[in-house]
Structures are given as C-alpha cells and as structure tokens.
Amino acid sequence: MKVAVSMLIVVTVAGIVGTLIARDPGYILIVYQDYSLQTSLWVGLFLIIVLVTASYFLWGLVHSLIAFPERISNWRGEKSKSRAVQFLNKGLALSLAGQHDRAMRFLVKASEHETTQGSATLLLAQISSADVDARKLMWQSAIDAGQDYVTAARLGLVKDAVASDEFAFAQESLDTLPVNGATTSLKLELYLKMGKWKDLAALTKDLVKYAITLTQDHKNSLQAALAGMQTDVERHLWRSALSIMQGDDEALLVAYCRNVSDQDIAEKVLRQEIDKRPSPVMFIAYADLGQPNLPVRVKQVESWAGKFADNAAYRCCAGTLYYLSGRPELALAEYQKSLEMGSSAEAHYRLALLLADRGDKQASMEQFKLALKVVN
C-alpha cells in the first residue's frame, strides 16, 4: 500500500514538472571566458540539484574517511572498557565467593583500565595478602584514580595503620574522615590499643548511634590493659571508659574492684552498683573484697536486709560476710535461706567450706557435690 502511494506521488510530481517544462521551457546561459553553456531552465535546475546532492554526499564520504581512524579508536576504547568492566565484575564475584587468588587475576586486569582502576584497586587492596607497604601502593593508586575513591582508600590506609600500630598516622587520618559506623569502629580499635580511656568514654554516643557492640576480643583487651596497670590513677581513668560497654560491664567492673588498691573505693563502687542492679555477680564480688573494710560491709549488708530479703544472692553475700567476721551460726542461717530460695553453686560451695571448718566433713562433701551438680 505504501509503495503504491509513493509511486503515485512520484508520477504526479513528474507529470507536473513535465507540463511546466513543456509550457515554459525558459533557458539558462552560463558564460566563462571562451566557454558557454546554454540549457533550458528546468534541465538547469535539475543539474544544479544533482550537483548539490552529489556534493553533499561526497562531502559526507570525505568526512567519514577523515573520521574513520577516530571511530576505530573509539570502538577499540569502548571494547576495552567493556572488557575491563567484565573483569571487574568477575573479580568482585570471585572475591565475595572467597576465591581470592582467582579474583586477583581479574582485578589486576581491571585495574589497568582507567574506567575501572579505582574500584579494582580498592578490591585488590582489601583481599590482598601482601605486606602493608605493598597495600599502601594499592591504596594510593585508588586515590590517584579519582575523587570518588579517596575516602574509601584513606579508610583502608587507616585500617592497615591500626593493625600495624602506626598510631599517629591512624589518628591523624581518622580526624579527616567523616564520622560513620566504619570510622567509629576504627576509633574503638585505635583507642583500645593506645589506652586512650577518656577518648573511649567520649566515643560512647557514636557507638550507640551506629549500634556497635564490643566483641569478646575488645573485652579481653580491656582486661589485659587493667591487669598491666600499676597505679590507681590509671585504673580510675580506665574505669571511665566502661561506659562503652553500654551496661554489659559487670565482669570488668568486678575486675576493676579487685585490682584497685584502695578497697574503700572498691566497696563504694560495688555498693552503688548493687543499689542500681542487685545481680548475683555484684553481691559475690562485694562479699569477697576481703578484710580491710569488713565491718563497714557487714553493717551495709545488714542495712539491705529489708530491701533484698527475698534475694538469694544477697543471702549468700550476707552469709559470707558473717562467716568472715567470725559468726558462723548467722552465716549458716543465711546460706540455708539462700538455698531455700534457689539452688546455686556459690551458696553450696560456701556452705561446704563453713561445714568443713566446723568439722562436719560428710555434710561438707555433700554440699561440694551439689555445687558441682549445679555447675554441670
């Protein structure tokens, strides 16, 4: 249908043009020096149209020939870019699958193209098992790849610096990075290693904001630092950092009270904690502080009688303090009340010691067995 309509239009136009040529042929005379060219108006116009059309297509051909090398170069560039992206994607997939050796081969190829250099180099540095100096070159290469990769590369440099104990560089670099979960985690690692307890305490809000909780390794680091301290001044600074535990600091607080040389301070700390959260751990720690402030602790535990009368851990604590102060009958009564409220290894064990001191070996052995049974 379209072809028929097109043919009809062509025939119509040709007929009109032919009629015009027949009615008014006209002429065109072109003279140049000794040469002249005369033709009818319509034939001249046709020749001009043909000449212009031919010139247009000839110019297009010339332009295409001139641009051909550039087009070939662009085609090769796009092909190279496409292959680099394929290498990057393959390397990323393999690295996430844990096949780092294979991933590195693809990522090295991707890093050779400027389009994928930054991303590929960042991935290479993260999965590489090379030494710190080699990875520094990778991070720097990512920085050189463009502004988009600068922050990620600097973060990688800081991670390596913290791991290799380059504290000054790590801290200086962290101050230039935005505050987020990743940088907050690095600050936690850095301050723990450096023993910057006040800075750790100041980090508490960010830890809560980014839902960062301490691992067992972090807690072990805190305990190791406390064990190596020589003065109470250091220990008091260390205690200020316990706010980062977000309430999960019982074991560390007890460790502080056992290490601090001023037992009056330890007694005060534990007493305040028991008033806030009367846990078995705190009661046992309060009972085991020792002899220096025993009268004060006995008086304090008696003042708690109304408040914690139904608390089995309190009864065990009171029994221990009475036992240490030379009142075994009261101690025995408190241990028995504690066990009536609920069986616990601590109460059975302490009662066994009391019975052994009184010479009742058989009853003492039974209590030891019950303590072991509860533990198991």
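Throughout, residue positions are numbered sequentially from 1 according to the sequence presented. This one's a predicted model, so the numbers in the text were calculated from it and none came from an experiment.
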(message) If the threshold is 4.0 Å, N to carboxylate O, is there a salt bridge linking Lys276 and Glu273?
(response) yes
(request) State whether Lys193 and Asp165 are salt-bridged, where the test is any N-O pair (Lys NZ or Arg NE/NH1/NH2 against Asp/Glu carboxylate O) under 4.0 Å. (result) yes
(message) If the threshold is 4.0 Å, N to carboxylate O, is there a salt bridge linking Asp232 and Arg235?
(response) yes
(message) Quick test of your reading of the model: are Asp199 and Lys187 salt-bridged, counting only N-O distances below 4.0 Å?
(response) no
(request) Classify the angle between the aromatic ring planes of Phe308 and Phe283 as parallel (below 30°), tilted (30 to 60°) or perpendicular (above 60°). (result) perpendicular
(message) Can you see whether Arg350 engages Thr320 through a side-chain donor-acceptor pair at a distance of less than 3.5 angstrom?
(response) yes
(request) Kindly give the heavy-atom pair with the smallest separation between Ser344 and Leu339, and that separation in Å. (result) N-CD2, 4.0 Å
(request) Identify the residue among Gln367, Glu366, Lys361 that makes a side chain to side chain contact (heavy atoms under 4.5 Å, CB included) with Leu355. (result) Gln367
(request) Identify the two heavy atoms, one from Ala142 and one from Ala153, that lie closest to each other, and give their separation to 0.1 Å. (result) CB-CB, 4.0 Å
(request) May I ask whether Val150 and Leu122 are part of the same hydrophobic cluster, defined by side-chain heavy atoms of I, L, V, M, F, W, Y residues being less than 4.5 angstrom apart, directly or through others? (result) yes
(request) Test side-chain contact (heavy atoms from CB on, under 4.5 Å) on Val233 and His236 and set out the steps. (result) CA-CA 5 Å; Val233 173; His236 297 333; 5.6 Å; no
(request) Kindly compute the distance separating NZ (Lys136) from CG (Asp131), expressed to the nearest 0.5 Å. (result) 10.0 Å
(message) Quick check: do Leu242 and Trp197 have side-chain heavy atoms less than 4.5 Å from each other?
(response) no
(request) State, to 0.1 Å, how close Cys317 and Ala287 come at their nearest heavy-atom pair, and which atoms those are. (result) SG-CB, 3.8 Å
(request) Inspect the surroundings of NZ in Lys209 and state if more than 12 heavy atoms from other residues, nucleotides or ligands are less than 6.0 Å away. (result) no
(message) Quick check on the hydrophobic clustering: are Val179 and Leu207 connected, directly or via other members, by side-chain heavy-atom contacts under 4.5 Å?
(response) yes
(message) Would you say that Leu354 contacts Pro328 through its side chain, given a criterion of any heavy-atom pair below 4.5 Å between the two side chains?
(response) yes
(request) Starting from the C-alpha separation in whole Å, work towards a yes-or-no answer on side-chain contact (heavy atoms from CB on, under 4.5 Å) for Leu214 and Leu188. (result) CA-CA 9 Å; Leu214 271 68; Leu188 173 62; 4.3 Å; yes
(request) Say whether Leu174 and Leu203 are linked into one hydrophobic cluster, either directly or through other cluster members, by side-chain heavy-atom distances under 4.5 angstrom. (result) yes
(message) For a quick check under 3.5 Å, do Ser221 and His218 share a side-chain donor-acceptor pair by atom type?
(response) no
(request) Check each of Val132, Val162, Ile143 against Leu157 using the side chain to side chain contact (heavy atoms under 4.5 Å, CB included) test, and report the only one that passes. (result) Ile143
(request) Run the numbers on Glu172 and Thr176 for side-chain contact (heavy atoms from CB on, under 4.5 Å), then give the verdict. (result) CA-CA 7 Å; Glu172 181 181 351; Thr176 67; 5.6 Å; no
(message) I'd like to know if Leu94 and Leu92 are part of one continuous hydrophobic network [Ile/Leu/Val/Met/Phe/Trp/Tyr, side-chain heavy atoms within less than 4.5 Å].
(response) no
(message) Checking Asp160 against Trp139: is there a side-chain donor and acceptor pair closer than 3.5 Å?
(response) yes
(request) Could you tell me whether Lys219 atom NZ has more than 12 heavy atoms of other residues or ligands within 6.0 Å of it? (result) yes
(message) Whether the His348 and Tyr335 side chains hold a donor-acceptor pair (N or O, under 3.5 Å, no angle test) is what I'd like checked.
(response) no
(message) With a sphere of 6.0 Å drawn around OH of Tyr149, does it hold more than 12 non-hydrogen atoms of other residues, nucleotides or ligands?
(response) yes
(request) Return the orientation label for the Tyr314 and Trp304 ring planes: parallel under 30°, perpendicular over 60°, tilted otherwise. (result) perpendicular
(message) With a 3.5 Å distance limit and no angle check, can you tell me whether Ser338 reaches the backbone of Ala312 through a side-chain donor-acceptor pair?
(response) yes
(request) Please check if atom CZ in Arg154 has more than 12 non-hydrogen atoms from other residues, nucleotides or ligands closer than 6.0 Å. (result) no
(message) If you count heavy atoms of other groups shown closer than 6.0 angstrom to CD of Gln216, is the number above 12?
(response) yes
(request) Answer yes or no: is there a donor N or O on one side and an acceptor on the other, between the side chain of Ser325 and the main chain of Tyr322, under 3.5 Å? (result) yes
(message) What I want to check is whether the side chains of Asp175 and Gln171 have a donor and an acceptor closer together than 3.5 Å.
(response) no
(request) Assess whether atom CD of Glu302 is packed by more than 12 heavy atoms of other residues, nucleotides or ligands within 6.0 Å. (result) yes
(message) Are the side chains of Leu222 and Trp238 in contact, using a 4.5 Å heavy-atom criterion?
(response) yes
(request) Indicate yes or no: at least one non-hydrogen side-chain atom of Leu186 is less than 4.5 angstrom from one of Leu190. (result) no
(request) Work out which heavy atom in Ala356 is nearest to a heavy atom in Ser364; give both atom names and the distance. (result) CB-OG, 3.5 Å
(message) Under the criterion side-chain contact (heavy atoms from CB on, under 4.5 Å), I'd like the reasoning laid out for Leu321 against Glu334: C-alpha separation, chi angles, the key distance, then a yes or no.
(response) CA-CA 10 Å; Leu321 291 174; Glu334 292 295 338; over 6 Å; no
(request) May I ask you to check whether Glu166 and Ser164 show a side-chain donor-acceptor distance below 3.5 Å? (result) yes
(request) Compute whether any side-chain donor of one residue and acceptor of the other, for Asp144 and Ser141, lie under 3.5 angstrom apart. (result) no
(message) Using a 3.5 Å distance criterion without hydrogens, assess whether the side chain of Thr116 forms a donor-acceptor pair with backbone atoms of Val85.
(response) no
